[in-house]
Structures are given as C-alpha cells and as structure tokens.
Amino acid sequence: MDTTSGRAGRRRPAGTPAGRDSGDHVTAEATKTFLAHRNLLFTVAYEMLGSAADAEDVMQETWLRWVGVDAAHVDDPRSYLVRITARQALNRLRSMKRRREAYVGSWLPEPLLTTPDVAADVELAESVSMALMLVLETLTPTERAVFVLREAFGLGYDEIAAAVDKTPAAVHQIAHRARRHVEARRPRRTVTARQAEAAAEAFRRALETRDLPGLLAVLAPDVVAISDGGGIKQATPRPIIGAGKVARFIVGGLTKRDVTLAVEATTANGTPALALYVDGELDGVIAMRVEETHITGLYFVRNPQKLTHVESETPLTLR
C-alpha cells in the first residue's frame, strides 16, 4: 500500500521547499534532505530514462514517498533516496517500452544544457553523453538500472538488489552481463576538451556559412548522423552514414529554406554541441562525438517536446 497516497494534496514541484505553510516540521526536514540530494537523484533518473521530463516526474514521485517515511529509521538518507528514485525510474522505464516502440523515426535522449563542471568531470560527462545513453537503450530495463547504479554511482550489490527486487547474486550476474554488453559498444573518449571544442567550432563555422567543403574537412569518413523529429519536425527515419552524405544532408536541409540561420556553441550532456536558431526560434540541438580531430557522431534533436531543458543549465552529479 502506498503510504503517501494521503498526501496528494501536498503535491508541489520537487525542486521547491514544502511543509512551511502547515508548520509541519517533519515534512520540512524531509524536504530539506531531499533537496540536498536532488541533483544526484535527478542524474540517476535521467541516466536510467534518457528523458528529463520523465526524470522530473520521478523526482515528484520520489519526494511523495520520501515524506511518508519515518526518517528516524533511515540510517543513510542518500542511499535510501537513491533506491526510491531507482525503483520509480525502473517502473517508468518498463512502462515506456511501448512508447519507445511506437516512436516516429529515430529516438534520441532529451538533450540537457549542462554546466561547465559536468564537461570537466570525464566520468560524469561520459555517463550522460548521447553516445553512451544510446548504448544503454540496447539494454533491458533491469540491466540498465543495474548498470547505471553500479558503474556510474557505485552502489553495492545489496543496495541495488533492494532497488530492483532481485537477489544480490542475481544482481551480480546482471551487472556482469550488462557491463560486457556496454563495453563492446561504448565509444571511447580519445580527445581532450580543447580538441573537442576546436572540432565543434570548425563545424559551427562551416554550418553557419553552409560551407560543404568545410563540413567535409571536420567530419570523419564514417561519421554517423541521427536526427530526431518525433514526427513533429522533419528528420531522417534512419541514421545517415558517411561524411559526404551527412554534409549534403545538413547543407541541403538548410538551403531548401529561405531562412535566417544562427548557430550558437553550447554544451549538451557534457560534450560540445550547437543550438540552431531559424528565424530567431530554436530549431534544434546538435550534440556531437569527437574522436581524434574529427566528428564521428552527430545527434540532431529537433522534436520540440525534447528541447525544454536547453533554455537553462541543468546541474548533474554522480555524488
């Protein structure tokens, strides 16, 4: 039975303090603890779901359950909150499976405008990168939950078992299987932050001037471009492979329209990215993967429902 069902009237955004209006000291203290760990909990939910909107919903569900807990019996609030968050995210991930299967065209994670400290933290930047999160999409919901909690957040097998309703022995096996699956597919970061920024800037200049030779010079021969319009904006139904095809797709799509294009450098999911504005309106975000001196992956999100978290920076943390 949900012990928080009687608190429905207290529903409020998970990022704001609660309980002050009623003088409920217990609720106020619970909310204070929740807010102290909120960035961590959001990162857990986002890495498991790939959706900031769904992660925000998980935050609300976590808070509602947390305020119904007797904190006097909780030895480690951080671990307890992470377990609640993981359980809620796993439930939502399972229910999202059908939604993903019915998605129109290619699906990409919802991009987040991230703070400079995310890009500076190599481990964190990789864990929330578009490239790795696409790999995580190939795991089962339970495998993804176990992998994220173990590899990114360092939880013990006992803690993970409590979150996913498995035995510690089963979690150990799932973690091994998921790690092997991801290691065989994960991209390797082979450049410094400065090299990645230089490649992104070269790409930005070529894109803004619609310079086809300039694009070809910065794209790797086997570059892969994935675009996500969600059936709302135009996008390619399948990935495009090869520098020539990708460059022509990008330039061709822009030259077909008599528009004013502005391209701004930014950081999304801890890696260099570009925000594209057409006639002054945000049209999409292109995140990229850079290896050596060339761009090997482009992730173009145009679905307007996925662009709500690029207006302001989202703080993320693994700790």
Side-chain angles (χ1 to χ4, degrees), residues 46-47 49-55 100 103-114 118-119 124-139 182 185-191 193 196-197 199-204 206-207 215 218-243 245-251 253-254 263-278 282-291 294-310 314 316:
Y46 177 73
E47 287 197 26
L49 299 170
S51 164
D54 286 292
R100 297 276 172 89
Y103 196 80
V104 178
S106 298
W107 182 93
L108 287 172
E110 187 173 345
L112 300 178
L113 186 65
T114 47
V118 175
L124 176 57
E126 182 187 17
S127 70
V128 297
S129 68
M130 287 278 188
L132 181 60
M133 295 193 74
L134 281 177
V135 174
L136 297 185
E137 283 292 311
T138 63
L139 297 172
V182 173
R185 294 164 177 79
R186 78 192 306 167
R188 300 298 177 183
R189 188 166 183 173
T190 59
V191 296
E197 290 169 2
E201 176 58 21
F203 182 75
R204 186 198 67 78
L207 182 59
L215 288 174
V218 73
L219 296 176
D222 57 350
V223 61
V224 177
I226 304 173
S227 56
D228 177 349
I232 301 173
K233 290 285 192 74
Q234 184 178 1
T236 58
R238 291 176 296 277
I240 301 174
I241 303 174
K245 292 181 180 179
V246 169
R248 286 192 294 272
F249 160 70
I250 294 173
V251 174
L254 295 173
V263 185
E264 293 185 2
T266 186
T267 302
N269 293 61
T271 58
L274 302 176
L276 273 62
Y277 293 85
V278 173
L282 180 64
D283 184 73
V285 171
I286 302 179
M288 59 193 76
R289 182 176 78 248
V290 179
E291 297 180 48
H294 290 81
I295 296 171
T296 58
L298 291 172
Y299 312 100
F300 189 10
V301 180
R302 297 193 69 211
N303 183 348
Q305 296 176 348
K306 292 186 176 183
L307 298 177
T308 58
H309 281 74
V310 294
T314 298
L316 302 172

Here the pair of heavy atoms bringing R185 nearest to T138 is CD-OG1, 4.4 Å
Of all heavy-atom pairs linking G229 and A235, the shortest is N-CB, 3.4 Å
For A119 and T267, the nearest pair of non-hydrogen atoms, with its separation, is CB-CG2, 4.3 Å
Residue set satisfying side chain to side chain contact (heavy atoms under 4.5 Å, CB included) with P304, at least two apart, ordered chain then number -> I232, K233
Sorted by chain and number, sequence neighbours left out, side-chain hydrogen bond (donor to acceptor under 3.5 Å, both in side chains) with R186 holds for E126, E183
Here the gap from M133 atom CE to L49 atom CG, rounded to the nearest 0.5 Å, amounts to 8.0 Å
Next item on the list: Please check if atom CD in Q305 has more than 12 non-hydrogen atoms from other residues, nucleotides or ligands closer than 6.0 Å.
Entry: no
Between the CZ atom in R289 and the OG1 atom in T271, the distance rounded to the nearest 0.5 Å is 10.5 Å
In short, salt bridge (Lys or Arg N to Asp or Glu O under 4.0 Å) pairs touching residues 128-139 with sequence neighbours left out are R100-E137, E137-R144
Those residues at least two apart in sequence (or on a different chain) that pass side-chain hydrogen bond (donor to acceptor under 3.5 Å, both in side chains) with H309 are E110
Rounding to 0.5 Å, atoms CG (L215) and CZ (F203) come to a distance of 5.5 Å
On a heavy-atom basis, the closest approach of A220 and A243 is O-CB, 3.5 Å
Quick check: do N269 and P111 have side-chain heavy atoms less than 4.5 Å from each other? yes
Residues at least two apart in sequence or cross-chain that pass side chain to side chain contact (heavy atoms under 4.5 Å, CB included) with A55, listed by chain then number, are F42, A45, Y46
To the nearest 0.5 Å, atom CD1 of I226 lies from atom CE of M130 at 10.0 Å
Within the distance-only criterion (no hydrogens, no angle test), does the side chain of T296 pair as donor or acceptor with the backbone N or O of V223 below 3.5 angstrom? no
In terms of heavy-atom contacts, L307 and G284 come closest through CD1-CA, 4.1 Å
Residues V118 and V128: closest non-hydrogen pair is CG1-CG2, 4.4 Å
Sorted by chain and residue number, the side chain to side chain contact (heavy atoms under 4.5 Å, CB included) partners of L113 (sequence neighbours excluded) come out as T266, E313
Applying side-chain hydrogen bond (donor to acceptor under 3.5 Å, both in side chains) to T114 and not counting sequence neighbours gives none
Which of V285, L316, V310 passes side-chain contact (heavy atoms from CB on, under 4.5 Å) with L112? Answer is L316
With side chain to side chain contact (heavy atoms under 4.5 Å, CB included) as the test, would you mind laying out the steps for F300 and I250 before giving the verdict? CA-CA 10 Å; F300 189 10; I250 294 173; over 6 Å; no
CH2 of W107 to CG of L134, rounded to nearest 0.5 Å, is 7.0 Å
Those residues at least two apart in sequence (or on a different chain) that pass salt bridge (charged side-chain N to carboxylate O under 4.0 Å, His left out) with E264 are none
CG of L136 to OG of S127, rounded to nearest 0.5 Å, is 9.0 Å
For D228, the side-chain hydrogen bond (donor to acceptor under 3.5 Å, both in side chains) test, sequence neighbours excluded, returns Y103, K306
Sorted by chain and number, sequence neighbours left out, side chain to side chain contact (heavy atoms under 4.5 Å, CB included) with I241 holds for V224
Just do the side chain to side chain contact (heavy atoms under 4.5 Å, CB included) check on L274 and L207 with the steps written out, would you? CA-CA 10 Å; L274 302 176; L207 182 59; 4.1 Å; yes
